[in-house]
Amino acid sequence: MRKIRDFHGGVHPPENKAQSLHGPIRPAGIPPQLIIPLSQSYGSGAVALVEPGQHVAKGEQIARAEGLSGVPEHAPSSGRVAAIEERSIAHPSGLPATCIVLDTDGRDEWIAHHGAEDFRQLEPAALLDLIRNAGISGMGGAGFPAAVKLSVNPANRIETLIINGTECEPYITADQALMRECSVEIIGGAEILAHLLGAKETLIGVEDNKPKGIAALRRAAQGSAIEIVSFPAKYPSGGEKQLIEMLTGKQVPSNGLPADIQVVCQNTSTTLAVYRAVHQGEPLLSRVTTVTGEAVTRPGNYEILNGTPIDWLLQQVGFRQEHCSRLIMGGPMMGFTVTNVAAPITKTSTCLLASTETELPSPPPAQPCIRCGFCSEACPVKLLPQQLYWFARGKEYEKLEDHHLFDCIECGACSYVCPSNIPLVQYYRAGKAQILELRDEHERAERSRVRFEARQERIEKIALARQEKRAQRKAAAEQRAREAGGDGSEQDLIQAAIARSRARRKEQTR
Amino acid sequence: MALQNITSPHAHGPLTTAKVMRRLLLATLPGVVALTWFFGPGTLVNIAWSCLLALGCEALVMTLRRRPVGFYLKDCSALVTATLLAIAMPPYSPWWLILVGVASSIVVAKHLYGGLGYNPFNPAMVGYVVLLISFPVEMTRWAAPLGGGATVTPGLLQALQACFNPATFDALTMATPLDLFKQHGDLTVTELWLQYPHFGRWSGVGWEWANLGFLAGGLWLLYLRIFTWHAPLAMLAALALMSALFYQGGNPGGAGSPWFHLLGGATMFGAFFIVTDPVTSAVSTTGRLIYGALIGVLIFVIRVWGNYPDAVAFAVLIMNFAAPFIDNYTQPTVYGHKRDGGSKP
Amino acid sequence: MYELFSQYPFTAAMLALVGLGLVFGAVLGYAAVKFKTEGNPIADQVNDILPQTQCGQCGYPGCRPYAEAIANGEAINRCPPGGETTIAQLADLLGVEAIPLDDEHGEEQPAPLVAYIREDECIGCTKCIQACPVDAILGAAKRMHTVIASECTGCDLCVEPCPVDCIDMLPEPSSVRNWRWEMPAPAEIIATDRAA
């Protein structure tokens with residue numbers, strides 16, 4: 001048995017997972033219109049490759065990745081591109097972004113595609129290209145492109161590959177459902193990743209509240225070197241850093257990557273997507289998302305096409321709009337609220353939680369902090385949340401950085417336990433944003449300073465050159481005047497100049 | 001229904017400030033029962049009157065500060081301060097004494113510094129110290145305990161009379177064991193215990209049980225995880241260690257046994273209800289260990305070599321000064337950082 | 001020696017003082033050489049704080065000259081683009097009191113502005129190019145000009161010289177990319193405060 005270490009802090013919120021685990025994974029269907037945002041929350045986004053009016057087949061690439069951290073997009077179903085325009089997307093800001101709008105034709109016709117014969121024959125670089133071109137971004141929530149995470153510096157020889165099947169957030173059961181139904185493919189995906197990374201050991205970490213998922217994975221992993229590790233449920237054990245600490249006892253250095261300690265972590269859904277991309281040649285077109293909450297009459301796990309509008313999806317699952325007070329994209333601990341139901345489900349949408357007021361009551365007004373310290377006991381990163389709160393309120397940015405604000409993973413454990421209902425996490429997010437903005441401003445100011453000084457220098461140089469030229473001309477004129485027999489006095493200079501200009505005019509008129 | 005726009009987390013744990021405060025109040029019960037059993041209903045009258053005054057003071061200040069009175073009264077923090085102060089005061093204190101104490105606690109120590117959460121000093125202890133310095137006679141006149149000088153305790157009516165018509169009340173009072181111990185440095189511990197029967201078994205009839213009562217309440221709070229064990233345990237351990245070091249086998253000039261100090265005076269009350277006050281204590285676990293231990297040392301130092309028989313209030317206030325300083329040097333090692341022992345000041 | 005000193009206490013005192021003076025003089029002289037700082041560090045530090053808009057609203061031809069002026073005692077409240085924040089930082093650095101912004105030099109803008117040239121109206125006169133203190137405008141004579149938005153400091157200096165008035169100062173549009181989280185409303189005061 002592997003030794004499981006505990007991480008500091010953590011909380012045990014009510015799980016609420018049973019509601020969405022009644023039936024199998026069901027397909028949500030093809031909506032009449034799909035909205036595919038070009039900029040995902042991480043990475044540099046994508047550039048559209050199609051024109052409005054163009055017909056696209058299912059799986060056809062419709063946008064290419066921009067920069068190294070971008071992710072290409074593919075048509076999730078066949079149809080006609082209706083427009084490329086600003087549409088509201090699921091983002092905490094509620095702001096619109098450029099999207100490809102696709103009118104589906106319902107035929108769902110695939111583009112020709114085929115999988116690799118034997119992935120073991122493929123070079124890591126070729127495998128990586130396959131994954132990159134399949135448009136796979138991290139499906140655990142943050143949406144970091146999988147290919148970027150997998151392209152590690154060869155200097156860091158990867159020892160351990162960890163497949164994150166923790167799913168520690170309440171309500172969410174998408175990964176759990178996948179483990180039950182697609183365990184063989186998940187194990188297959190893990191084998192591909194292990195081969196790609198050259199990892200010495202492969203672990204799948206699962207919280208022990210998913211016994212059926214663990215059993216299915218163990219059955220599928222029989223005969224392979226993959227080890228399924230289960231551990232007691234505690235939020236946020238699914239945080240990448242926390243999971244790594246639990247399974248390996250090592251801590252990812254601050255500001256560093258797991259690869260720095262020879263570990264790479266991938267989400268279960270992502271692993272499955274890798275399997276399908278490599279074995280079947282299918283790009284990432286859909287994902288399994290948990291749709292749950294008391295305002296939904298048929299909660300469960302649905303296979304949802306990338307770009308499916310939320311309002312259409314909610315109609316399919318029996319949405320009781322009059323009861324819904326909050327629509328949360330993601331889980332109740334880290335998800336963000338969506339106010340525009342026209343926004344689409346994307347590759348990173350793990351869960352859509354339509355909650356009622358009784359289920360998740362509106363937060364009461366915040367009371368003063370009494371420094372009870374519950375937050376520092378709950379913090380999985382061992383920060384001092386209440387100190388950070390005071391500093392954030394006082395805009396003491398240096399102190400914030402001194403107290404390691406940027407190590408905060410925004411898991412929400414501190415706000416969860418706060419007896420005074422202080423929205424601590426929002427303070428940290430805003431504090432981080434302000435510090436980043438200040439850094440940005442400072443960088444910009446520095447650039448402006450350099451440009452200004454360069455310009456100043458150039459102007460001075462030009463002025464100096466002009467002055468020198470003038471001096472030279474003057475000297476030359478004096479010379480000429482002396483040669484002409486004058487004494488170099490001012491009078492002579494003027495005479496000489498007049499003579500010169502006359503000569504020039506004559507030349508011009510000629 | 002319009003969809004709300006709220007930042008995560010959307011779920012919230014069961015604890016609220018008011019709940020924490022109510023549990024704290026409930027936890028004083030065993031100690032208060034013991035005090036009432038041995039000293040009569042004086043403490044109960046103290047508590048009732050001071051709670052009434054505290055609510056009045058809080059409402060008054062909140063009105064002056066233009067804050068919603070109901071919202072702030074509901075957090076029960078004024079009740080906690082008032083109860084703690086009332087327990088610390090001698091039973092059968094006159095009404096005006098309590099009034100002065102509560103007013104200094106709530107108005108001066110709490111609200112003049114910005115209200116709940118902003119006060120650098122423990123309000124109850126500020127009130128207590130103001131009284132102790134201003135009215136030393138009234139503040140050191142403890143009733144004689146049942147079975148340790150008194151055969152009956154005053155009744156409820158008498159207690160009310162003591163509070164609201166103090167001139168007509170004449171109860172049997174006597175020096176507390178800590179007082180006696182201080183005044184008789186020339187006797188050995190054995191002689192002392194023989195001479196004064198109300199030293200009880202370890203540290204005074206009644207006092208032992210009151211301390212055990214507060215210990216029980218404290219342990220219950222610890223079980224509920226209202227606070228961590230660090231500060232109280234560090235304080236008790238430091239006090240025990242100091243008294244063990246200076247016990248000198250009970251010879252004259254010695255400082256009393258560890259049991260005497262642990263179960264005497266306001267030790268347990270201080271350890272679990274004053275030292276653990278989160279607002280004015282250090283924050284990190286290491287910080288709380290240091291904070292508690294230093295309070296323990298200070299209590300012993302003041303009790304034995306200082307001018308006052310008991311010292312919890314002074315020790316706590318002195319360490320309140322140091323709490324932010326301790327915090328600055330005892331930051332925990334954050335995930336992913338090498339152990340580096342605190343930040344730059 | 002000792003006897004000599006005790007006989008002439010005045011001389012001894014003088015000698016001691018002169019000796020001390022020499023020693024400390026040497027130490028100070030050494031320190032002046034050893035720890036010599038180049039340039040004017042105060043002006044540099046001030047310049048670091050200034051927003052580098054180079055707008056000249058302070059009355060100086062750029063941030064650097066104003067920084068030097070501040071180091072020589074000029075008022076710290078003449079920089080509208082920096083606003084309250086800059087004044088507070090300057091006050092902190094120089095150990096003086098923060099004073100409100102001097103209205104004479106302009107008002108603080110709530111959001112940074114960026115210059116945009118309405119390109120079909122531009123006649124290609126290059127006047128704005130010459131005016132731009134940070135070389136953020138591209139173009140050639142009789143050709144259309146354009147602003148490099150990422151380098152524009154929003155200083156406003158190009159607007160005045162434009163003969164056809166085709167330059168607009170606009171706030172940067174907010175998008176998903178530059179959106180930032182905001183501090184929560186101070187709920188413990190506002191949400192529960194009585195209407196004052």
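Numbered from 1 within each chain, the chains take letters A, B, ... in sequence-line order.
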Can you name the nearest heavy-atom pair linking A/Lys382 to B/Thr333, along with the distance?
CD-O, 3.4 Å

Heavy-atom proximity to chain B below 4.5 Å, by part of A/Val11:
neither

With heavy-atom distances below 4.5 Å as the criterion, would you say the side chains of B/Ile6 and A/Phe336 are in contact?
no

Under 4.5 Å from any heavy atom of chain A, what part of B/Val334 do you find: side chain, backbone, both or neither?
both

Check the angle between the aromatic planes of A/Trp390 and B/Tyr118 and answer parallel, tilted or perpendicular using the 30° and 60° thresholds.
perpendicular

What option among B/Ala11, B/Ser281, B/Ser284, B/Ala18 has the most heavy-atom pairs under 4.5 Å with chain A?
B/Ala11

B/Gln4 side chain reached by A/Glu357 side chain, heavy atoms, under 4.5 Å:
yes

With no hydrogens and no angle check, just 3.5 Å: does a side-chain donor-acceptor pair link A/Thr339 and B/Asn5?
no

Shortest non-hydrogen contact from B/Tyr335 to A/Asp407?
O-OD1, 4.1 Å

Hey, are the side chains of A/Val417 and B/His12 touching, using non-hydrogen atoms and a 4.5 Å cut-off?
no

At a heavy-atom separation under 4.5 Å, does A/Ser415 approach chain B through its side chain, its backbone, both, or neither?
both

Please classify the contact of A/Glu359 with chain B as side chain, backbone, both or neither, using a heavy-atom distance under 4.5 Å.
neither

Under 4.5 Å heavy-atom distance to chain B, tell me which part of A/Pro253 shows up: side chain, backbone, both or neither.
both

Which bit of A/Ile370 comes within less than 4.5 Å of chain B, counting heavy atoms only: side chain, backbone, both or neither?
both

Considering only heavy atoms, which portion of B/Asn119 lies under 4.5 Å from any heavy atom of chain A: side chain, backbone, both, or neither?
neither

Between B/Ser8, B/Gly115, B/Ser77, which shows the greatest number of heavy-atom pairs under 4.5 Å with chain A?
B/Ser8

Counting only heavy atoms closer than 4.5 Å, note whether A/Phe7 contacts chain B via side chain, backbone, both or neither.
neither

Nearest heavy-atom approach of B/Arg225 to A/Phe374 is O-CE2, 3.4 Å

Considering residues, nucleotides and ligands other than A/Arg5, do more than 12 of their heavy atoms fall under 6.0 Å from its CZ?
yes

Non-hydrogen atoms of chain B under 4.5 Å away: do they reach the side chain of A/Leu327, the backbone, both or neither?
both

Any non-hydrogen side-chain atom of B/Pro278 less than 4.5 Å from a side-chain atom of A/Gln386?
no

